[in-house]
Amino acid sequence: MKKLAINGGTPVRETPIYYGHQFIDQKDIDAVIEVLKSDYLTTGPKITELENQLCRLTEAKYAVAVSNGTAALHLACMAAGIREGDGIITTPITFAASANCALYCGARPVFADIDPETYNISPNSIEEKITEKTKAVIAVDFTGQAVELERIQGICKKHQLLLIEDGAHSLGTIYQGQAVGSIADMTTFSFHPVKTITGGEGGAVMTNDPELYQKLLSFRTHGITRDPELMENQAKEPWYYEQIALGYNYRMTDFQAALILSQLKKLPEFSKRRKEIVQQYNEAFKEIPEIIVQKEIPESDTTRHLYLIQLDLDKLTATRLEIFEALKAENICCNVHYIPVYYFPYYQKLGYHKGLCPNAEKLYEGIITIPLHYGMTDQDVKSVIVGVSKVVQYYKK
Ligand SMILES: *Cc1c(COP(=O)(O)O)cnc(C)c1O
């Protein structure tokens, strides 16, 4: 057996590889510079162009580009009319923003448990958590795989709930032949650097509903309007505008939009490569009984954002932390997605307790996110497989 790097052996690779990384080329750089030399740095033509392209890609009717994915979720909740006293149902296996957006509106996030195989929110658990206070479901396409949209839409329709899809991971994913972004009442995207395409920061909300669209536009920029049709008073002076609601400044800059537009052109390539890497991982880890991989549902043609291995800890002599550290010593820099949201002290103080979602908690104990990004070479992929196999082999019972 090969000596582990953590015990003084030679690492499987010489340089560290990270779980995620952006891919920026000269075309991206040129696109940003072009905007910097133009007249509009914000609220300019690149924003409209980006919104049009996002509509083309997803076949949604409307897109609203915003400053980041968290702002997108906040605006979606505001447009949905989420207020004090309301309940929204979401998953604990997500980034905190998916639940925080409810708190921003004075509503209470209610955590439904996950499906132990797909790791996505369980439709049965959603149904169990619905009360008369529930107003919306925020379903997260965890790792990029679409949630069971058909069933969740059915539940939402039956109980008159709005469905907000947090698609921060799932840009490029197709569900039953339809792109994520055009299916739920609203879908949010993020363009943070670890996501499939990036603008540094950035986000968007997609919808097919003209009323929701108008609200999103208004809340994006302070609730201010220049549209005479929407004003309460008649505009007598040319400079006149009105604030008719309380909104925020959640605008995106034109140079971010230009970067995202340039990255969007590479999405098919990004998507293809991510799928190839996922397939190579799946095939390699199938042979390792100590590793469980995420179940893929046939309805989702997934552009994967994250690749998780779930350790079957009963078959191993090491803890997740020891394996994580051993991988790091091999120069494979992993992460863990996610700590259940309600574990955080802020949520504990709001009265959430451990034990709320047993499947989510069990999953959290054994997961490690391994590197997956477009820039990985075949050699990189191979080194991750060799490294994971080496460490797991060493610690197997
Ligand atoms: C990244 C992410 C967000 C937030 O996006 P930002 O652009 O970082 O604000 C929301 N939800 C999920 C699931 C995410 O991964």
Side-chain angles (χ1 to χ4, degrees), residues 18-22 50 54 63-78 88-105 109 111-112 114 118-121 136-147 149 152 163-173 180-181 184 186-206 216 219-220 248-253 256-257 259-260 263-264 274 294 300 302-308 335-342 344 347 360 363-364 367 369 372-373:
Y18 297 93
Y19 88 91
H21 200 276
Q22 71 272 22
L50 173 61
L54 288 172
V64 178
V66 294
S67 46
N68 55 65
T70 305
L73 283 164
H74 186 192
L75 287 188
C77 286
M78 287 179 75
I88 66 99
I89 296 175
T90 192
T91 171
I93 299 295
T94 185
F95 183 58
S98 314
N100 289 346
C101 57
L103 295 176
Y104 295 159
C105 296
F111 294 100
I114 57 160
T118 66
Y119 314 158
N120 266 334
I121 195 165
V137 172
I138 300 180
V140 181
D141 298 325
F142 180 56
T143 76
Q145 172 160 253
V147 292
L149 278 159
I152 296 173
L163 176 59
I164 299 170
E165 190 175 357
D166 180 344
H169 297 183
S170 58
L171 187 76
T173 291
V180 163
M186 285 179 275
T187 305
T188 62
F189 291 128
S190 162
F191 305 114
H192 181 275
V194 297
K195 307 292 157 72
T196 300
I197 66 166
T198 189
E201 297 279 359
V205 191
M206 314 299 298
L216 293 166
F219 296 140
R220 173 173 66 179
Y248 295 81
N249 175 359
Y250 279 164
R251 294 187 301 264
M252 177 190 279
T253 68
Q256 284 169 288
L259 178 51
I260 298 163
Q263 292 256 300
L264 261 181
R274 283 176 176 269
Q294 186 180 0
S300 179
T302 305
T303 293
R304 195 79 78 89
H305 161 55
L306 299 173
Y307 194 96
L308 273 64
N335 205 330
V336 171
H337 297 90
Y338 287 97
I339 302 166
V341 174
Y342 60 79
F344 295 128
Y347 277 85
L363 176 74
Y364 170 62
I367 44 174
T369 306
L372 173 61
H373 46 93

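Numbering of ligands and ligand atoms starts at 1, following listing order. Along the sequence shown, residues carry numbers from 1.
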Subject >> Heavy-atom nearest option to atom 10 (C) of ligand 1, drawn from D166, T198, T90 >> reply: D166
Subject >> side-chain contact (heavy atoms from CB on, under 4.5 Å) partner of F191, chosen from L264, L171, L259 >> reply: L171
Original post:
With only distance considered, is F95 within less than 3.5 Å of ligand 1 through an N or O on each side?
Top reply: no
Subject >> Shortest protein contact, atom 4 (C) of ligand 1 (heavy atom only) >> reply: T70 OG1, 3.6 Å
**OP:** For N120 and Q145, indicate whether the former's side chain and the latter's backbone hold a donor-acceptor pair under 3.5 Å.
**Re:** yes
**OP:** Under 4.0 Å from a heavy atom of T94: give me the atoms of ligand 1 that qualify, with their elements.
**Re:** 13 (C)
Subject >> From H337, H169, Q294, residue fulfilling side-chain hydrogen bond (donor to acceptor under 3.5 Å, both in side chains) relative to T143 >> reply: Q294
Original post:
Under 3.5 Å, is there a donor-acceptor pair between the side chain of R251 and the main chain of R220?
Top reply: no
**OP:** Would you kindly say whether N335 and T369 are connected by a side-chain donor-acceptor distance under 3.5 Å?
**Re:** no
**OP:** Look at the aromatic rings of Y250 and Y248 and report parallel, tilted or perpendicular, splitting at 30° and 60°.
**Re:** parallel
Original post:
Do N68 side-chain atoms and A71 backbone N/O form a donor-acceptor pair below 3.5 Å?
Top reply: yes
Subject >> Distance from atom 15 (O) of ligand 1 to nearest protein heavy atom, with residue and atom >> reply: H169 NE2, 2.8 Å
Subject >> Close N or O approach (K195, ligand 1; < 3.5 Å) >> reply: yes
**OP:** Indicate yes or no: does an N/O atom of Y338 lie under 3.5 Å from an N/O atom of ligand 1?
**Re:** yes
**OP:** Please report which non-hydrogen protein atom sits nearest to atom 5 (O) of ligand 1, along with the residue it belongs to and the distance in Å to one decimal place.
**Re:** S190 OG, 3.3 Å
Original post:
Is there a heavy atom in G203 that sits closer than 4.0 Å to ligand 1?
Top reply: no
Original post:
Which ligand 1 atoms, with their elements, are less than 4.0 angstrom from a heavy-atom of G69?
Top reply: 5 (O), 6 (P), 7 (O), 9 (O)
